[in-house]
Amino acid sequence: MADSRNLYEQVILDHNKNPRNYGKPAAADTIIDGLNPLCGDSFKIYVAFQNDVIECLHFEGDGCALSKASASLMTVLLEGKTREAALELEEALAAMLKSSPDTPVDESILGPLAAFSGVREYPTRIKCVMVAWQALAAAFSNRR
Amino acid sequence: MADSRNLYEQVILDHNKNPRNYGKPAAADTIIDGLNPLCGDSFKIYVAFQNDVIECLHFEGDGCALSKASASLMTVLLEGKTREAALELEEALAAMLKSSPDTPVDESILGPLAAFSGVREYPTRIKCVMVAWQALAAAFSNRR
Amino acid sequence: MQLRNDFPILKQQIRGRPLTYLDNASTTQKPQCVIDAIADYYASENANVHRGIHRLSGAATKRYESARSRLGSFLGANSGYGIVFTRSATEGINLVAHSLGRALLRSGDEVLVTQLEHHSNIVPWQLLCEAAGAKLRVVPINESGELIMGEFDRLLNERTRIVAVAHVSNALGTINPVSEICRKACRQNAATLVDGAQSAAHTAIRLADMGADFFVCSGHKMYGPTGVGVLCGRSEMFERMTPYQSGSDMVHSVTFEKTTFAPPPHKFEAGTPHIAGAFGLCAAVDYLDGIGMEAVERHERELLAYGTQSLAAIPGLRIIGNAKQKAGILSFVMDGAHPHDIAQLLDNEGIAIRSGHLCAQPTMAFFGVPALARVSFGLYNTISEIDALVGALQKVRKTFI
Amino acid sequence: MQLRNDFPILKQQIRGRPLTYLDNASTTQKPQCVIDAIADYYASENANVHRGIHRLSGAATKRYESARSRLGSFLGANSGYGIVFTRSATEGINLVAHSLGRALLRSGDEVLVTQLEHHSNIVPWQLLCEAAGAKLRVVPINESGELIMGEFDRLLNERTRIVAVAHVSNALGTINPVSEICRKACRQNAATLVDGAQSAAHTAIRLADMGADFFVCSGHKMYGPTGVGVLCGRSEMFERMTPYQSGSDMVHSVTFEKTTFAPPPHKFEAGTPHIAGAFGLCAAVDYLDGIGMEAVERHERELLAYGTQSLAAIPGLRIIGNAKQKAGILSFVMDGAHPHDIAQLLDNEGIAIRSGHLCAQPTMAFFGVPALARVSFGLYNTISEIDALVGALQKVRKTFI
Ligand SMILES: Cc1ncc(COP(=O)(O)O)c(C=O)c1O
Ligand SMILES: Cc1ncc(COP(=O)(O)O)c(C=O)c1O
């Protein structure tokens, strides 16, 4: 299964098996539903703010390895970030996924999200990576 | 135009150009509409009965050479016939038209209608030959 | 003409004669590239769209969505428009009549069509008006077969909610002033649907300039496959419209209590679409753009001019429809010869034309004819085919006189 | 297996491996004869139907009508039934929901579906019930994925006007007792629609024996083209039903004052139909009958038995759907591996399966799973393909543990 290594990088397999910030927290300022009807992926994302900054993010739900790992990484990466910074990272991730498979990936912006670059070869899976991010972005944009 | 001679037999061209019993008679017992929406053919058929026998038939309207010649021949052939005999001739004509092009045609039953046997090669035109006959048959069957 | 070679059917003999196909308004012939696009999909890429993870399905989905945008660019739609694949122009009109019409129309409202419309752009509006208690109003035409625009101006009023008009009349070839109609309708806040069944493959469509809210066309009349058509519409309209057919692919989530719908265009595409049809149509518009729509239009205009002149010279033949703006459609009647018999005798010469009411009975009624004979040109027709037609029509005359 | 050679796509390599296509419930592959039927029509017979005098049009019309009767005979319909060509099973259901449903349903009436239905056999009824103030009722299933027939008996009552049920569940493979359901519904004077999307190409359909009022299926799931489906229905029902889409070909005569409609089946086929689709589907059912539907069914039953046994032996794999009567569909979940990831990894081995909610969210809800992995067999699948599948699933397990 040489090919699949591009898609299922170790960091993805790891976050899938051991999702971070998983489960419902005691309190949250915003609860967001992320649904991918095509796949039956469905997540709840819990956001707690401190002033304008995301204090912490939790998620729970069911989804494929890509959607789960992506949601898990999201909760890690956005802690302490502003809404704007979150939206920017969402856009950078979306742009990377839409770029052609041979475009170099800017790891300085994407950090561990660069692991998803293999998904560019599998356009049907882009939605999986984006499901949590898009739900968050939709909720944040409404409030801007 | 060798081929077309099969379709446009002289008797058909003649009845088309000089339709018999054409026009609205002074009186009629039944007026029947014959419509072929596919072609825009549209006829009115006027029937006068004497007891159970068709005393005379007239028609008027617009249609192709086949439909017009067939209606004209119908008015000639059914004069003095019972409803049953009319229905039988209609069925014989329909059966002939549906038969395969190499089946022999029974002229003893069909008489001059045998001229339409070339239509068997042109299934889309069967409806043209039948339009007046079918209208008559529908009206007669209802009253049986 | 080189491009005739692209069409395998034109190499065929009809009773020992080459096929002279002059029934393009009914359906067009298909170039080899369209046939190949369909066959290749089935032979090496066949899979359902929107449904699977596996590579064939992913590739089909991607190609289906790019066919969608390709059709948008072919029709000159800007980003304010969306593309829905339908079965045909007829289905596109039905979709709009259902999904926009039922929501929009109130008792006393009006829908405006014209005396030139094809049945497919009449009956859906008629049934809609009946259901809504609205009124169907009809822009009349003059003896040349042109819309009387003064009457259009008079009929268009604040009760007019929808204006549905053919870009080109399939019965007479008249090119209607659709930009003007859309502009005026828009000022009255009426939605506009342009039936482009007879224009999309014969002139460059610039939907954004035309300003129609909806534009429909049929693949099979655009050198593409049967069973596929396009409804191009303003996205903001699509958003407001209710779904049409329902089922898989057009839903977001389904429970027995509550179902939510996908955004357009998917909202309007229930069930497995005609995937091969979309690919074939995409190949057809690539083919058309390869020739250039300006070149296509110029060629057909030449055929029309030559055909009009040649047919008019035949004694007893009368051309019906003499609009100043006309596409490559020539309808006529002949003394003593019914259109069907003309078509039949031409067929024996290997010349295919159409005869009948042309699915435009109101237009027939206006001209007081039960039927017309119609010659309609495509990009592969030639001047010498018109000469053959004229020769055959002379013979027809002799048979029936 | 000799007949694999009939399918050009099966000769293809996916990343250096032969294609193992196990997604037949989504869409089937096409034999060369189907591809040829379509290509030949476009290359040498292309013309519109019902419209022209010329020979190509006459031939197309004749062939289209004989495709219609051929489909009737394939489905075992007797002379009491008529055949309407649709885009798909989905459209067939929508047509009946619209044209029968709107006339039949009154506030307080009930429509009965099952927990096993595909979205396409849920949403049209749901919207219909909403519009009519009627109630959608649902026959529940047991843990094996079988309809609880005692509950069906209880739910069927004198308010039930329509019963719509899948012949075979696309999510679980369950074969429903449709004859019994139709018989009982008929006794209550309820109309019956059997969704045969998953049965028509896998078992001999004997519609007259089944006793359904309506039966729908999709060409693309029957080794035929996309964009064409069949609605077979009782002629007496068709007579009573209102038109569906409107426009050309389904009318008798049109004026702005009054339009009259053609008799069925034409009443339900507005606009130019998918002519090539009908011809391709006709070739597909000829192909199926050439093999013999009994042989097809037997072969797929063997695959199912072998597949069930082989998959059940994989640790952590759980088959969902264990009905006693099952068609060649095997759905499952695996510990630690989401169905999508299973499908993705199998794809890398050249094995195409489906994953997701399978357009059957209510069935997913019943089993408490967000998605399933589904293997579905066609007539060309082999035992060694199942062995390859099992090997690949073992690898999937290792990746995610
Ligand atoms: C049971 C069932 N019904 C209906 C459908 C809808 O078929 P189509 O998308 O061809 O309309 C499907 C297709 O997946 C199905 O499996
Ligand atoms: C002007 C016009 N509108 C609509 C149609 C209907 O097209 P289709 O039958 O492909 O739906 C036609 C086809 O003849 C047409 O000429």
Side-chain angles (χ1 to χ4, degrees), chain C residues 8-9 12 14 23 26-27 29-30 35 38-39 42-44 46-48 51-56 87-88 90-91 94 119-120 122-124 126-127 136 138 218 220 225-227 245-248 251 253-256 259 270-272 274-277 340 343-344 347 352 354-355 359 361-362, chain D residues 8-9 12 14 23 26-27 29-30 35 38-39 42-44 46-48 51-56 87-88 90-91 94 119-120 122-124 126-127 136 138 218 220 225-227 245-248 251 253-256 259 270-272 274-277 340 343-344 347 352 354-355 359 361-362:
Chain C
I9 205 170
Q12 170 176 318
I14 297 274
D23 191 16
S26 183
T27 199
Q29 298 304 335
K30 319 305 172 202
I35 303 174
I38 298 164
Y42 285 134
S44 62
N46 177 70
N48 210 325
R51 299 211 179 170
I53 289 293
H54 60 78
R55 145 176 1 228
L56 286 172
R87 177 190 5 260
S88 59
T90 299
E91 179 168 70
N94 275 272
H119 292 167
S120 290
I122 296 175
V123 191
Q126 207 168 25
L127 295 182
L136 188 68
V138 184
S218 277
H220 72 96
T226 59
Q245 296 183 340
S246 60
S248 61
V251 292
S253 78
V254 175
T255 68
F256 288 115
T259 289
T272 303
H274 183 10
I275 305 165
H340 276 5
Q344 189 80 59
D347 182 55
R354 173 89 189 275
S355 60
C359 300
Q361 288 180 354
Chain D
I9 205 170
Q12 168 176 318
I14 296 274
D23 191 16
S26 181
T27 199
Q29 298 304 335
K30 318 305 172 202
I35 303 175
I38 298 165
Y42 286 134
S44 62
N46 178 70
N48 210 325
R51 301 212 178 170
I53 289 291
H54 60 77
R55 147 173 359 227
L56 286 172
R87 178 193 0 262
S88 58
T90 300
E91 180 169 69
N94 276 271
H119 292 167
S120 290
I122 296 175
V123 190
Q126 207 170 26
L127 296 181
L136 188 68
V138 185
S218 277
H220 71 95
T226 58
Q245 297 183 341
S246 60
S248 61
V251 292
S253 79
V254 175
T255 67
F256 287 115
T259 289
T272 303
H274 182 11
I275 305 165
H340 277 5
Q344 189 80 59
D347 182 55
R354 173 91 188 276
S355 60
C359 300
Q361 287 178 356

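Residue numbers start from 1 in every chain, and the chains themselves are labelled A, B, ... in the order their sequence lines are given, proteins ahead of strands.
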Name the region of C:Gln29, side chain, backbone, both or neither, that has any atom closer than 4.5 Å to a heavy atom of chain D. both
With a 4.5 Å cut-off on heavy-atom pairs, point out which of D:Pro124, D:Ser44, D:Ala270 contacts chain C the most. D:Ser44
Flag the one option from D:Leu136, D:Asn94, D:Ile275 with the top tally of heavy-atom pairs under 4.5 Å to chain C. D:Asn94
Side chains of C:Leu127 and C:Val123: closer than 4.5 Å at any heavy-atom pair? yes
Do you know which of D:Gly227, D:Ala43, D:Cys359 has the most heavy-atom pairs with chain C at a distance under 4.5 angstrom? D:Ala43
Is it the backbone or the side chain of C:Ile35 that comes under 4.5 Å from a heavy atom of chain D, or both, or neither? side chain
Working note: C:Thr90 + D:Ser248, criterion side chain to side chain contact (heavy atoms under 4.5 Å, CB included); need CA distance, chi angles, decisive distance, verdict. CA-CA 8 Å; C:Thr90 299; D:Ser248 61; 4.3 Å; yes
For chain D, which of C:Gly271, C:Ser246, C:Gly247 has the most heavy-atom pairs under 4.5 Å? C:Ser246
Is there a side chain to side chain contact (heavy atoms under 4.5 Å, CB included) between D:Tyr42 and C:Ile9? Walk through the geometry before answering. CA-CA 8 Å; D:Tyr42 286 134; C:Ile9 205 170; over 6 Å; no
Which of the residues C:Pro362, C:Ala39, C:Ala276 is involved in the greatest number of heavy-atom pairs with chain D at under 4.5 angstrom? C:Pro362
Against chain C, work out which of D:Thr255, D:Val138, D:Val251 has the most heavy-atom pairs shorter than 4.5 Å and name it. D:Val138
Considering only NZ, NE, NH1 and NH2 on the basic side and carboxylate oxygens on the acidic side, decide whether D:Asp347 and C:Arg55 come within less than 4.0 Å. yes
Can you say whether C:Val254 sits under 4.5 Å from chain D via the side chain, the backbone, both, or neither, judging by heavy atoms? both
Per-residue contact mode, C:Asp23 against chain D (heavy atom under 4.5 angstrom): side chain
Take D:His220 and D:Thr226 through the test side chain to side chain donor-acceptor pair (under 3.5 Å) and record every step on the way to the result. CA-CA 5 Å; D:His220 71 95; D:Thr226 58; over 6 Å; no
Does any part of the side chain of C:Asn46, heavy atoms only, come nearer than 4.5 Å to the side chain of C:Leu56, both counted from C-beta? no
D:Ile38 side chain near C:Ile38 side chain, heavy-atom distance below 4.5 Å: yes
Structural part of C:Gln245 lying under 4.5 Å from a heavy atom of chain D: both
Is it the case that the side chain of D:Glu91 and the backbone of D:Arg87 share a donor-acceptor pair, with hydrogens and angles ignored and the cut-off at 3.5 Å? yes
Most heavy-atom pairs under 4.5 angstrom with chain C, which of D:Ser88, D:Pro225, D:Ser218? D:Pro225
